[in-house]
Structures are given as structure tokens and as C-alpha cells.
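Structure record follows, encoded as C-alpha cells.
All values below were derived from every heavy atom in this structure, side-chain atoms included, with hydrogens, water molecules and symmetry-related copies excluded.
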Amino acid sequence: MKKIGLFLMACLLASGASSQGSEKIIPAVVHAEILHGKGTEWGKEVEACVDDEFSNQIAFIKQLFQQELSITIKVTNNRKATLRFEYDKKLTTPAERYQIAIGFNQVVVSAASVRGIVNGTVSLVQLPNEKDGRYFLQPENINDYPAYSYRGLHLDVVRHIFPLEYIKKYIDYITFHKLNTFHWHLTDDQGWRMEVLSYPKLNSIGSWRDQTLIGHFKDTPIKYDGTRYGGFYTRDQIKEVLAYAKERGIEVIPEIDIPGHSRATIAAYPELSTKPDTTWNVAQTWGMYNRQNNVLAPNDATFTFLNTIFKELIELFPSTYIHIGGDECSKLWWKQDPKTKEFMKANGIKDEVALQTYFIEKVAGDVKGMGRKVIGWHEIAEGKVDTTTLIMNWADDKKAIEVAQKGFSVIQTPGKPFYFDHYQSLTNKDSLAIHGFNPVDSVYNYSLVPASIRKAGLAHKVIGGQANVWTEYMGYSTKVDYMIFPRVTALAENLWGTNKNYADFQRRLKEYMYKRYERWGSSYFH
């Protein structure tokens with residue numbers, strides 16, 4: 001038996017040795033042990049025994065093997081089968097841990113959780129070397145687990161909505177990259193994308209805009225396409241997505257963004273606005289929060305509305321966390337409204353920052369009272385919000401440490417470099433984006449726990465990270481693919497977090513992942 005660390009593997013590769021086994025895997029594994037002797041050989045059909053604890057993952061296992069290797073999995077009860085998916089209660093920590101043992105004509109993938117067995121399966125399909133329709137796996141032991149508990153990918157379906165089948169494909173992307181969370185941004189100024197039974201105008205009015213901006217929002221003169229745009233996901237469609245994600249161990253966190261970014265809401269129900277006598281429409285351009293009123297008024301009608309909406313959301317989504325937004329809430333509209341001033345005086349609220357805190361705490365309290373936990377963007381931490389609320393920091397490291405010092409746990413999703421709506425190149429060949437420059441190396445090399453947080457002894461407050469995909473300039477799924485690949489692959493290895501080597505990542509990216517993107521039918525930047 002010969003132990004070879006990942007660093008030594010990289011050295012062997014650099015000296016010209018061919019890629020074998022775990023040296024091919026993205027994200028890089030924590031520990032691999034190369035063994036002497038003969039390994040395992042597969043044909044186009046493989047018998048697999050799956051323990052009862054993972055019976056709900058059989059369809060996923062079959063799909064992944066067919067997709068990645070063109071291998072048909074035939075499930076059997078024979079525990080001596082060539083391939084076994086085994087429940088092992090000893091592998092509970094670290095969370096999502098898995099092991100792969102490859103011996104002579106037998107491969108065993110073991111884990112104590114659905115996420116563990118899914119992670120192990122994703123690694124397994126990357127291992128074989130194929131020749132003439134036969135697949136060869138070298139004898140090897142792998143012990144692998146992530147560094148961070150939260151590893152997410154976000155998708156804004158408001159600015160542009162995507163077909164149900166693409167949402168499933170997006171979850172496949174998340175699964176293959178060993179991420180564990182799909183953050184589904186369902187409401188904003190430009191539309192409402194979830195079917196609502198209690199307030200039907202959110203769909204008949206709020207889900208549709210009269211037209212959409214053409215070109216960049218800073219272009220002059222502003223141009224529109226003149227075409228009505230919109231739609232929403234039905235409850236049955238959402239349930240289908242949730243079932244698909246559950247099979248893969250992916251948590252789907254829905255977001256209803258309040259109290260700002262609510263133009264679609266007040267277009268449907270003007271009485272929720274600080275100017276209910278005005279005829280509103282769903283926003284047709286981007287970045288309107290500081291131009292036109294998109295902020296909910298603090299009143300009984302609004303809080304009744306939100307309580308009902310979140311109750312309906314929670315009945316549909318099983319996630320531990322519910323995202324309530326809280327970002328970019330312009331205080332201007334509250335300052336100009338006499339009724340808001342009366343509300344503040346009656347409730348002892350000193351200023352508009354305190355009003356946002358009141359607003360967030362009221363809704364968060366209702367959500368927590370329904371048995372769920374709450375996530376919000378970092379702006380909600382400006383006031384004295386309950387520190388059990390989880391904070392997504394989309395600003396810089398200075399904001400991250402500020403939030404951590406207040407006692408919050410933090411998910412790092414900084415605009416630079418984790419916003420995938422930013423440019424990937426400074427050349428003219430790159431496609432239209434909102435602004436900024438976030439190349440793949442910046443995504444890979446970003447440190448989730450900056451030195452300032454480590455120095456303050458607050459490293460434990462950073463529980464993970466996420467990339468955000470805002471779709472103002474992504475009208476089609478092919479553009480989404482182009483904007484996330486290969487950056488999401490770099491994100492995955494960053495968040496797995498243990499063995500990072502950018503030069504070796506580039507090798508694996510070019511040697512294996514580009515071909516994989518093409519097999520998936522996905523466009524990508526390179």
C-alpha cells in the first residue's frame with residue numbers, strides 16, 4: 001500500500017504522468033490513497049446494490065451514470081455486486097462526508113447522509129478511464145468532505161424567467177459541483193414568479209410587465225422592445241422542482257424580497273404602497289429602487305399581506321431557511337409619506353433605519369413563528385436585528401467583519417468576485433453584462449475568511465459562500481450557462497476548500513470540464 005498526497009499527485013502530473021483516478025476530480029478531494037494491485041473494470045452495464053437508506057437516490061444514480069459515462073445501472077439486491085452504495089453511520093462527521101473504496105472488481109461508495117452519497121456518486125463518475133467501451137478504475141481509497149456547510153448558487157428568475165426543465169438542469173449543475181443549496185429569487189420589481197392563491201393579482205398583474213429594456217440600462221436614449229413579458233411557476237411546477245432537488249439532497253431556499261424591490265407587488269396591490277392612489281405598473285427597466293417608489297408601506301394591510309404570503313410560501317417550501325431580502329430599500333419613500341411618519345411615531349420608531357429594522361423583525365418573527373429560520377441580505381443588520389437571522393454579505397470584507405462582530409453568522413457572496421452577472425473578460429468578445437470584472441481566477445482565489453476576521457477570532461462565523469446570478473442581461477438559458485461556466489466550477493473548489501491549487505485546477509478544467517460542459521449542451525466562456 002502506497003500513500004500519495006494530493007501535492008505529490010500534482011507533482012507527478014507536472015512531470016508528465018497521465019491523469020488517473022482522484023487526480024481528475026473537481027472539486028479536489030481531501031484525501032486519496034492509491035493502492036497496489038488490480039482495480040475494477042466496467043462495461044456498458046453495471047450491477048449496483050443500493051442500501052435502503054438511499055433507495056430514493058436510485059433514479060439520480062441511474063441518470064448520472066447514463067449522462068456522464070453512458071453506462072446503464074442495473075439495481076440488484078446482491079451485496080456482492082460490482083458496485084455498492086452503502087449506508088455507514090460512522091461517516092456522520094464532517095457533514096456530507098463520503099468514502100469510495102475501489103478494489104479488485106468491486107467499488108463501494110459509503111456515506112451516512114443523502115448529500116454524502118450524492119457527493120460520492122458525483123466523484124465516482126469522474127474516476128474511470130475509458131477505452132474501447134470499457135471503463136477502468138485504479139485501486140484507490142478516497143475520504144472526502146467539504147470545508148463549509150453552506151455552498152450555494154443563486155438564480156434570479158424575475159428579470160428573466162426560465163423553463164421548468166432548465167431549472168432542473170440548473171439543479172443538476174449545483175449537484176455535480178457538490179454545492180448543496182439553490183437560492184431561488186422569486187420576486188422583485190420586474191415580476192412575481194410564484195403562483196399565489198391568496199392574492200391572485202400577484203399573478204394576473206404582478207407577473208407581467210408591458211415591455212423590457214433593450215441594451216444596457218445606462219444607454220441613452222432608453223429603448224424598449226414593446227413586448228409583454230412574464231409568467232410564473234405554478235404550485236405543481238414548484239413541487240416538481242422541490243422533489244427533483246430533494247432526490248439530490250439540494251435545499252431550495254426561496255426568496256421573497258421585502259420591503260424594497262417590491263414594485264411588482266404594489267403594481268398588483270397599490271394599497272400596499274406609500275402612494276396607494278397612484279396607478280403603478282411592473283418595472284420595465286433595471287435598478288429602479290432609487291428612481292421610483294418600490295417600497296412597501298408599514299401598515300396593517302402590508303403586514304397582513306406578508307404574513308399570509310409567507311405562510312403560503314412555507315406550506316409549499318420545506319427549506320429550513322426562508323429568505324426575506326431586505327436589500328437596497330430606499331428610505332426616501334418612507335420619509336416623504338405622512339402616514340409612515342404617523343406609524344413611526346405611534347410605534348416609537350426614531351428614524352427610517354429603525355423602521356427597516358422594525359419591518360424586518362416583524363416579518364422575521366412571523367416566519368420564525370411558523371417554524372422556520374430566516375436569511376436576509378447584509379443591509380438588515382444595520383439595526384438591532386435578532387442575531388439568529390443568517391446574513392448574506394454581498395458587500396466587501398469590511399462589511400463581513402462588521403456583521404460577524406455583531407454576532408451574526410455570515411454567508412459570503414460579495415459582488416466582487418461572486419456576482420456572475422459581471423464581465424468575465426475585459427475584451428470586446430465578452431457578452432453584455434451589467435458592469436464589473438470577475439474572472440475565473442478571482443472566484444477561485446477569493447478567501448471566504450479574510451485575515452481581519454481570522455485576527456478577530458471570528459472565522460467560525462463564516463459558514464460558507466454563494467455565487468449570485470442576476471439575470472437582467474441573461475434573456476435565455478444559454479446566456480446563463482455562458483455566465484456561470486467555468487466560474488461555478490471555480491466556486492465549487494473554493495467552497496469545498498481544503499486542497500486548492502489553481503494551476504492544477506486549470507489543468508482539470510481544460511482536460512475534463514470543458515468536454516463535460518459540451519456534453520451537457522451548455523455554453524461556456526473560455
Side-chain angles (χ1 to χ4, degrees), residues 56 114-115 150 152 154-158 161-164 167-168 170-171 174 180-188 191-208 230-259 261-262 264-269 271-272 296 299-326 359-377 380 386 388-390 392:
N56 290 334
V114 169
R115 276 304 312 162
Y150 186 105
H154 155 287
L155 183 64
D156 161 26
V157 295
V158 175
I161 187 170
F162 305 96
L164 184 69
I167 301 300
K168 290 181 179 180
Y170 202 77
I171 289 171
I174 290 169
N180 60 10
T181 306
F182 172 38
H183 175 177
W184 205 357
H185 185 81
L186 291 166
T187 74
D188 215 299
W192 187 284
R193 302 291 176 237
M194 182 187 83
E195 182 181 18
V196 178
L197 302 180
S198 51
Y199 288 86
K201 289 182 183 179
L202 288 173
N203 298 132
S204 62
I205 297 174
S207 293
W208 301 88
F232 57 91
Y233 299 100
T234 68
R235 292 172 64 87
D236 286 343
Q237 287 176 323
I238 291 171
K239 289 176 183 177
E240 190 174 335
V241 168
L242 294 173
Y244 193 83
K246 182 180 179 181
E247 185 180 4
R248 289 150 181 77
I250 304 299
E251 183 168 33
V252 181
I253 296 180
E255 180 185 358
I256 292 179
D257 200 351
I258 61 159
H261 285 284
S262 297
T265 300
I266 63 178
Y269 294 95
E271 63 269 27
L272 305 179
L296 296 173
N299 57 43
D300 290 343
T302 295
F303 291 123
T304 298
F305 166 83
L306 291 173
N307 184 275
T308 305
I309 289 297
F310 278 103
K311 183 177 180 181
E312 193 168 322
L313 181 83
I314 285 169
E315 288 172 351
L316 190 58
F317 285 85
S319 57
T320 302
Y321 282 93
I322 301 296
H323 204 303
I324 64 172
F359 206 114
I360 292 296
E361 280 292 84
K362 176 74 172 67
V363 175
D366 288 346
V367 170
K368 291 171 184 177
M370 297 173 197
R372 303 301 177 88
K373 298 180 181 179
V374 174
I375 302 181
W377 301 109
I380 72 171
D386 177 7
T388 64
T389 296
L390 195 54
M392 277 189 171

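Aromatic ring orientation, Phe317 versus Trp184: perpendicular (interplanar angle above 60°, classes split at 30° and 60°).
Separating the OG1 atom in Thr265 from the CD1 atom in Ile258 is a distance of 9.5 Å, to the nearest 0.5 Å. The OH atom of Tyr199 sits 4.5 Å away from the OG1 atom of Thr308 when rounded to the nearest 0.5 Å. For the atom pair CE of Met370 and CD of Glu315, the computed distance is 8.5 Å after rounding to the nearest 0.5 Å. Distance check, rounded to the nearest 0.5 Å: CG of Leu313 to NE2 of His323 gives 12.5 Å. To the nearest 0.5 Å, atoms CG (Asp156) and CG (Leu186) are separated by 9.5 Å. For the atom pair Glu195 CD and Leu316 CG, the distance stands at 9.0 Å (nearest 0.5 Å).
Within the 4.5 Å cutoff, no side-chain heavy atoms of Val114 are placed close to those of Asn56. Put simply, the side chain of Pro259 reaches to within 4.5 Å of the side chain of Ile360, judged on heavy atoms. At least one side-chain heavy atom of Tyr233 sits under 4.5 Å from a side-chain heavy atom of Ile161. With a 4.5 Å cut-off on side-chain heavy atoms, Val374 and Phe310 do not count as touching. Residues Ile250 and Arg115 are in side-chain contact: their nearest non-hydrogen atoms beyond the backbone lie under 4.5 Å apart.
Nearest heavy atoms, Ala268 versus Gly206: CB-N, 4.1 Å. For the pair Ile380 and Gly325, the tightest heavy-atom approach, listed with the atom from each and the gap, is CG2-O, 3.8 Å. In terms of heavy-atom proximity, Ala245 sits nearest to Val252 at CB-CG2, 3.5 Å.
Crowding of Lys168 atom NZ: a count of heavy atoms from other residues, nucleotides or ligands under 6.0 Å exceeding 12.
With hydrogens and angles disregarded, no donor-acceptor distance shorter than 3.5 Å links the side chain of Asn180 to the backbone of Gly152. Thr187 places a side-chain N or O within donor-acceptor distance of the main-chain N or O of Asp257, the cut-off being under 3.5 Å. Side-chain atoms of Asn203 come within 3.5 Å of backbone atoms of Met194 as a donor-acceptor pair (strictly under, hydrogens ignored). Panel note: side chain Thr181, backbone Glu251; no donor-acceptor pair is recorded below 3.5 Å. Ser207 places a side-chain N or O within 3.5 Å of a backbone atom of Leu202 that can act as its donor or acceptor partner.
With His183 as the fixed residue, the ring pair (Phe, Tyr, Trp, His ring centres under 6.0 Å) test singles out one of Trp377, Tyr170, Tyr321: Trp377. Results of the side chain to side chain contact (heavy atoms under 4.5 Å, CB included) test with Leu306 over Ile324, Leu296, Val367 single out Leu296 as the only residue that passes.
The side chain to side chain donor-acceptor pair (under 3.5 Å) check on Ser262 picks up nothing, with sequence neighbours excluded. For Tyr244, the side chain to side chain donor-acceptor pair (under 3.5 Å) partners are Gln63, Asp172, Arg248, not counting sequence neighbours.
Salt bridge annotation for Arg235-Glu312: present, with a cationic side-chain nitrogen under 4.0 angstrom from a carboxylate oxygen.
A side-chain donor from one of Thr302 and Asn299 sits under 3.5 Å from a side-chain acceptor of the other.
The salt bridge (charged side-chain N to carboxylate O under 4.0 Å, His left out) contacts involving residues 366-377 comprise Lys362-Asp366, Lys368-Asp386, where partners must be two or more places apart or lie in separate chains.
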